Amino acid sequence: MKKKCDNLFWSALGHIVKRDDIVWWKAWIIRVLAVLLALVVCGVVTIFLTDLNPIEVYVTMIKGAVGSKRLTWNLLQNTAILLCVSLAVTPAFKMKFWNIGAEGQVLVGGLATAACMIYLGEKLPPALLIPVMLIVSIISGAIWAFVPAYFKTRYNSNETLFTLMMNYVAIQIVAFFTLEWSMPKGSGTPRPLEFGQLPTIFGQKYLINILIVALITVIVYIYLKYSKQGYEISVVGESENTARYIGINVKKVVLRTMLISGAICGITGFLLVAGTDHSLKSDTAGGRGFTAIMVSWLAKFNPVFMVLTSLLIVFLQKGASKISEVYRLNSSFSDIITGIIIFFIIGSEFFINYKIKFNKKGENV
């Protein structure tokens with residue numbers, strides 16, 4: 001009875017209606033306002049929990065992310081890696097194939113890279129070794145993504161659970177080889193990978209990673225927006241029945257798209273092992289496979305907007321970590337700050353897609 005009364009009250013006050021397509025710049029204004037409101041809430045929480053000055057905390061956050069040249073390059077590097085994983089899952093998500101297995105696909109790509117660096121490092125010159133590493137990583141990531149796609153198209157298996165479970169298989173495989181390759185053997189210390197490291201450009205270690213991801217961003221944008229295959233992905237995502245009616249081979253599109261998704265994840269693993277860490281661990285992917293899901297959705301599957309979304313997420317992570325370090329707070333506080341801001345950003349999507357239409361005085365409900 002109480003629930004019915006509440007519904008009557010809200011229906012008398014107004015109702016929620018879906019917006020027409022909103023202009024992109026208005027959508028970003030809503031997101032910016034959400035971030036500003038989140039900062040106000042974070043300030044109140046900071047005072048309540050720590051008695052610290054919120055302004056000083058925010059300054060520390062900025063310094064922690066871009067306070068030096070080294071930190072700035074580190075920010076751009078982490079943004080590029082997160083962006084690359086986000087680009088990988090986007091074609092599948094746009095097709096409404098819920099690929100939750102990017103974490104495992106990245107790890108398998110990194111494992112392939114590490115294997116080439118260890119077993120072929122002294123046998124091949126760098127000019128040949130690096131392309132071999134890249135190709136093997138792409139193939140490995142693609143195969144790891146192809147498996148759940150095959151079972152989906154053949155047996156209609158649940159791709160969410162399938163890809164999720166394959167993450168844990170990949171983690172354990174990488175953990176096994178990390179132990180096998182550790183120096184000394186069995187110690188668990190990741191083996192430094194000296195051969196096949198990506199070269200520095202203009203004295204910057206991470207610049208080549210950033211340039212490669214920038215190129216992938218452009219390619220994925222053009223592929224999804226202007227190519228025939230990108231159009232087929234959109235149609236399959238809207239309605240498989242419609243796709244079949246107009247002559248699109250849905251199974252072929254699913255398999256092809258997941259091969260592409262896994263291939264880009266393989267490239268990410270290659271960049272992490274050969275261009276960033278120069279070692280392999282079971283946490284090399286660092287949870288980016290899951291964070292990428294949020295990045296892709298917030299950007300509405302638009303690769304250009306993903307650049308901004310990835311930068312914001314990494315900025316918050318780096319800044320929040322610095323807060324914990326400077327003020328000697330446990331990591332939970334930085335997670336609270338990051339969580340509040342992300343919550344407001346996600347919540348802003350409601351106001352982008354819907355609006356509350358208040359009833360006029362005296363209007364019948």
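The structure presented is a predicted model; accordingly, all values stated were derived computationally and were not measured.
Between Pro126 and Pro131, the shortest heavy-atom contact is O-CD, 4.1 Å. Contact detail for Asn99 and Ala92: the closest heavy-atom pair is CB-CB, 4.0 Å. For the pair Pro303 and Leu83, the tightest heavy-atom approach, listed with the atom from each and the gap, is O-CD1, 4.4 Å. For the pair Leu107 and Ala285, the tightest heavy-atom approach, listed with the atom from each and the gap, is CD2-N, 3.9 Å. Residue Leu280 comes nearest to Ala114 through the heavy atom pair CD2-CB, 3.9 Å, listed as atom of the first residue, atom of the second, then distance. When every heavy atom of Thr309 is checked against every heavy atom of Ala299, the shortest pair comes out as OG1-CB, 3.9 Å.
The structure places CG of Leu207 at 5.0 Å from CD1 of Ile201, a figure rounded to the nearest 0.5 Å. For the atom pair Arg70 CZ and Tyr206 OH, the distance stands at 8.5 Å (nearest 0.5 Å). With rounding to the nearest 0.5 Å, the separation of OG1 in Thr163 from CD1 in Ile100 is 5.5 Å. Separating the CD1 atom in Ile210 from the NZ atom in Lys205 is a distance of 12.0 Å, to the nearest 0.5 Å. The distance from the CG atom of Leu255 to the OG1 atom of Thr153 is 4.0 Å, given to the nearest 0.5 Å. Between atom CZ of residue Phe97 and atom NZ of residue Lys152 there is a gap of 7.0 Å, rounded to the nearest 0.5 Å.
Residues Ile342 and Met294 are in side-chain contact: their nearest non-hydrogen atoms beyond the backbone lie under 4.5 Å apart. Side-chain atoms of Ile130 and Phe270, non-hydrogen and from C-beta on, do get closer than 4.5 Å to each other. Using a 4.5 Å heavy-atom cutoff, the side chains of Ile118 and Leu193 are in contact. The shortest side-chain heavy-atom distance between Leu271 and Leu198 falls under the 4.5 Å cut-off. Put simply, the side chain of Trp98 does not reach to within 4.5 Å of the side chain of Ile293, judged on heavy atoms. Under the 4.5 Å side-chain criterion, counting only non-hydrogen atoms from C-beta, Ile323 is in contact with Phe333. Side-chain contact between Tyr58 and Cys42 is present, with at least one heavy-atom pair separated by less than 4.5 Å. Here the side chains of Lys322 and Met61 are not in contact, with every heavy-atom distance at 4.5 Å or above.
Hydrophobic cluster membership is shared by Phe202 and Leu75, with clusters built from Ile, Leu, Val, Met, Phe, Trp and Tyr side chains linked at under 4.5 angstrom. Note: the hydrophobic cluster containing Val40 does not contain Ile62 (ILVMFWY, side chain heavy atoms under 4.5 Å, direct or indirect links). Under a hydrophobic-cluster definition in which Ile, Leu, Val, Met, Phe, Trp and Tyr are linked whenever side-chain heavy atoms come within less than 4.5 Å, directly or via other members, Leu215 and Leu76 are assigned to different clusters. Residues Leu259 and Met95 share a hydrophobic cluster, clusters being chains of Ile/Leu/Val/Met/Phe/Trp/Tyr side chains in contact below 4.5 Å. Neither Ile267 nor Ile135 shares a network with the other; the hydrophobic side chains, linked directly or stepwise wherever heavy atoms of I, L, V, M, F, W or Y lie under 4.5 Å apart, form separate groups for each.
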#### Entry: Evaluation steps, side-chain contact (heavy atoms from CB on, under 4.5 Å), between Val66 and Lys318
CA-CA 9 Å; Val66 292; Lys318 294 293 181 184; over 6 Å; no

#### Entry: Pair Asp277-Thr284, side chain to side chain donor-acceptor pair (under 3.5 Å): steps then yes or no
CA-CA 8 Å; Asp277 298 336; Thr284 290; 4.5 Å; no

### Query
Passes side-chain contact (heavy atoms from CB on, under 4.5 Å), Leu49 versus Ile336? Steps please.
CA-CA 11 Å; Leu49 293 180; Ile336 290 171; 4.3 Å; yes

### Message
side-chain contact (heavy atoms from CB on, under 4.5 Å), that's the test. Do Ser296 and Met306 meet it? Break it down for me.
### Response
CA-CA 6 Å; Ser296 181; Met306 280 180 214; 4.0 Å; yes

### Task
Show your working on side chain to side chain donor-acceptor pair (under 3.5 Å) between Tyr327 and Thr60 and close with a plain yes or no.
CA-CA 9 Å; Tyr327 296 105; Thr60 302; 3.1 Å; yes

### Task
Might you work through the side-chain contact (heavy atoms from CB on, under 4.5 Å) test for Ile216 and Cys84, ending with a clear yes or no?
CA-CA 8 Å; Ile216 294 172; Cys84 198; 4.0 Å; yes

### Task
Carefully, step by step, assess Glu232 and Arg256 under the rule salt bridge (charged side-chain N to carboxylate O under 4.0 Å, His left out).
CA-CA 11 Å; Glu232 291 176 343; Arg256 182 182 64 210; 2.7 Å; yes

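Judged by distance alone, with hydrogens and angles left aside, the side-chain atoms of Asn158 form a donor-acceptor pair with the main-chain N or O of Leu161 at under 3.5 Å. Under the 3.5 Å distance criterion, the side-chain polar atoms of Thr50 are matched with a main-chain donor or acceptor of Leu52. Here the side chain of Asn302 pairs a donor or acceptor atom with the backbone of Val304 at under 3.5 angstrom. Proximity of a side-chain donor or acceptor of Asn78 to a complementary backbone N or O of Asn74 within less than 3.5 Å is detected. Ser310 places no side-chain N or O within donor-acceptor distance of the main-chain N or O of Val307, the cut-off being under 3.5 Å. For Ser348 (side chain) and Arg31 (main-chain N/O), no donor-acceptor pair under 3.5 Å exists by modelled atom type. A donor-acceptor pair under 3.5 Å is absent between the side-chain atoms of Thr291 and the main chain of Arg288, judged by distance alone. The backbone N or O of Gly203 sits nowhere less than 3.5 Å from a side-chain atom of Thr200 that would complete a donor-acceptor pair. Side chain of Ser137 to backbone of Gly109: a donor-acceptor contact under 3.5 angstrom is found. Distance alone, capped at 3.5 Å, places no donor-acceptor pair between the Thr242 side chain and the Glu238 backbone.
Atom OH of Tyr223 is surrounded by more than 12 heavy atoms from other residues, nucleotides or ligands within 6.0 Å.
Between Phe162 and Phe151, the ring planes are tilted. Angles from 30° to 60° get that label. Ring-plane geometry between Trp297 and Phe93 is classed as tilted, the angle between the planes lying from 30 to 60 degrees on a 0 to 90 degree scale.
Partners of Glu194 by salt bridge (Lys or Arg N to Asp or Glu O under 4.0 Å), not counting sequence neighbours: none found. Remark: Val250 engages Val236, Glu240, Ala243, Arg244, Val254 in a side chain to side chain contact (heavy atoms under 4.5 Å, CB included) (not counting sequence neighbours).
Checked by atom type, the side-chain pair Gln317/Thr338 shows no donor-acceptor distance below 3.5 Å. Side-chain contact check for Gln105 and Asn167: no donor-acceptor pair (N or O, by modelled atom type) lies under 3.5 Å.
Under the 4.0 Å criterion applied to side-chain N and carboxylate O atoms, Glu349 and Lys300 are assigned as salt-bridge partners.
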